[in-house]
Amino acid sequence: MNNRQFVSTLKKALAAMPKQAREDILREIQSHIEEFDGGSNSLIERFGPPQELADQYLDGEPVKPTLSKKAIGFGRTVFLFIGITVAALIAVIAVVVRIYTTDDFDYANEGATELTDGRSLWPSINIATQVDLEIQQARVTLYWHDKPTLDWKCRSDDQDEDFNPTQTKIRHNSCLLFLPVQPATIRSQQSHLVMVRPRAAVHINLVQSDLRIAENRNDYQYQIEQRRSSVDPFRSVPNAPVKIKIVADESSVKQYEY
């Protein structure tokens, strides 16, 4: 039995089926003939006798797919699995990145419990002259208070890299600092800094660093110089009482957002 005879016999065997359903089946069978592409395969070799195939359709049983259909189905399953896996991996990476880049709390909130609880126990030294800080490969958040002291709370995985206030150097550390209302000079290299409502003049030099400023609705005079850096547009008020000078080299300067 050739393919044309197979289709003719199958059509007769499906005579009891609604016309639209019968035509859909015959169209599907015809597509299999096109798959053979002139080869020696025949429909009867693929599906068996046409009457048995018709009985499967009439009884509502699933028809065994061809090898090519199986391959297509397998390919779709593989691509679906890969897509789900990639999506899950992206979600995991996003969560990890957020965990490691999100601030411990809203640094702009000067009344946060992280800043008030146990504050009297923070290490402290008197600062008689201008504050001069060197920050290397560290995360530092700067606040100002009315006391003539520099207060700090640091967290480091390496106990040998604690903040040394006598040398005013912070390395490989994560620190919260309260500065006296005195001019400050800060040099930062490969670090992440946040300044919250500066209350005295600040001159800060950034090299491959990230600086975020929380103005907390205060006005400032800004003088910003940049070299291969990304700097947000800051509103500079000529008569503002506090001047902030920033020299940014391969760095980022932007408004603080939690």
Counting only pairs under 3.5 Å, give me each side-chain donor-acceptor contact of residues 112-122, with atom names and distances, residues two or more places apart or in other chains.
from : atom 1 : to   : atom 2 : distance (Å)
T116 : OG1    : A112 : O      : 3.4
R119 : NH2    : H145 : ND1    : 3.0

(request) Apply side-chain hydrogen bond (donor to acceptor under 3.5 Å, both in side chains) to R199 and list each qualifying residue two or more places apart in sequence or on a separate chain. (result)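 Per chain and number, R199 pairs via side-chain hydrogen bond (donor to acceptor under 3.5 Å, both in side chains) with D146.
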(request) Using side-chain hydrogen bond (donor to acceptor under 3.5 Å, both in side chains) as the criterion, list what pairs up with S191, not counting sequence neighbours. (result)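 Once residues adjacent in sequence are excluded, S191 has no partner under the side-chain hydrogen bond (donor to acceptor under 3.5 Å, both in side chains) criterion.
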(request) Among residues two or more places apart or on two chains, list those pairs meeting ring-ring contact (aromatic ring centres under 6.0 Å, His included) that have a residue in residues 183-215. (result)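 Qualifying pairs, neighbours excluded: none.
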(request) Sorted by first residue and then second, give each ring-ring contact (aromatic ring centres under 6.0 Å, His included) pair with at least one member in residues 233-258; sequence neighbours left out. (result)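 Pairs touching residues 233-258 that pass the test: Y222-F234.
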[X] versus [Y], closest heavy-atom pair with distance:
X: H172; Y: A138; value: N-CB, 4.2 Å
X: S209; Y: Q190; value: OG-N, 3.1 Å
X: P180; Y: I127; value: CG-CB, 4.0 Å

Test item: [X] and [Y] side chains (from C-beta on) under 4.5 Å apart, heavy atoms:
X: I135; Y: I186; answer: yes
X: L133; Y: L177; answer: yes
X: I246; Y: I213; answer: yes
X: M195; Y: I244; answer: yes
X: D103; Y: T141; answer: no

May I ask you to decide if [Y]'s main-chain N or O and [X]'s side chain share a donor-acceptor pair within less than 3.5 Å?
X: N216; Y: A108; answer: yes
X: Q221; Y: P238; answer: yes
X: T149; Y: N126; answer: no

If I take atom [atom1] from residue [X] and atom [atom2] from residue [Y], how far apart are they, to the nearest 0.5 angstrom?
X: I44; Y: E52; atom1: CD1; atom2: CD; value: 9.0 Å
X: W152; Y: F178; atom1: CH2; atom2: CZ; value: 14.0 Å
X: S124; Y: L150; atom1: OG; atom2: CG; value: 7.5 Å

(request) Using a strict cut-off of less than 4.0 Å between a Lys/Arg side-chain nitrogen and an Asp/Glu carboxylate oxygen, indicate whether R139 and D104 qualify as a salt bridge. (result)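 Salt bridge flag = no for D104 with R139.
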Side-chain heavy atoms nearer than 4.5 Å, only ILVMFWY residues, links allowed to pass through others: does that put [X] and [Y] together?
X: L211; Y: V140; value: yes
X: V242; Y: V237; value: no
X: Y220; Y: L179; value: yes
X: V247; Y: V231; value: no

(request) Would you list the pairs meeting salt bridge (charged side-chain N to carboxylate O under 4.0 Å, His left out) in which at least one residue belongs to residues 175-190, sequence neighbours left out? (result)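 Output for this query lists D132-R187.
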(message) Can you pull out every salt bridge (charged side-chain N to carboxylate O under 4.0 Å, His left out) where at least one residue sits in residues 201-210? Sequence neighbours excluded, please.
(response)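 For residues 201-210, and leaving out neighbouring residues, the salt bridge (charged side-chain N to carboxylate O under 4.0 Å, His left out) pairs sorted by first residue read D210-R212.
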(message) Applying side-chain contact (heavy atoms from CB on, under 4.5 Å) to W144 and V202, what does each step give before you reach the verdict?
(response) CA-CA 11 Å; W144 279 257; V202 181; 3.7 Å; yes
(message) If the condition is salt bridge (charged side-chain N to carboxylate O under 4.0 Å, His left out), which residues does D24 pass it with, not counting sequence neighbours?
(response)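 Result, salt bridge (charged side-chain N to carboxylate O under 4.0 Å, His left out) vs D24: R27.
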(message) Restricting to salt bridge (charged side-chain N to carboxylate O under 4.0 Å, His left out), what partner residues turn up for R197, sequence neighbours left out?
(response)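 Per chain and number, R197 pairs via salt bridge (charged side-chain N to carboxylate O under 4.0 Å, His left out) with E110.
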(message) Quick test of your reading: applying side chain to side chain donor-acceptor pair (under 3.5 Å), list the pairs with at least one residue in residues 235-251, sequence neighbours left out, ordered by first then second residue.
(response)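 Listed once each, the pairs are Q208-E250, D219-R235, R227-D249, R228-E250.
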(message) Consider side-chain contact (heavy atoms from CB on, under 4.5 Å). Of T185, V253, L193, L142, which one does I204 pass it with?
(response)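 Exactly one candidate clears the test, L193.
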(message) Clusters formed by hydrophobic residues whose side-chain heavy atoms approach within less than 4.5 Å: which one holds V207, and what are its other members?
(response)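 ILVMFWY cluster around V207 holds nothing else.
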Expected list for residues 4-19: side-chain donor-acceptor pairs under 3.5 angstrom, two or more places apart:
from : atom 1 : to : atom 2 : distance (Å)
Q5   : OE1    : N2 : N      : 3.1
T9   : OG1    : Q5 : O      : 2.9

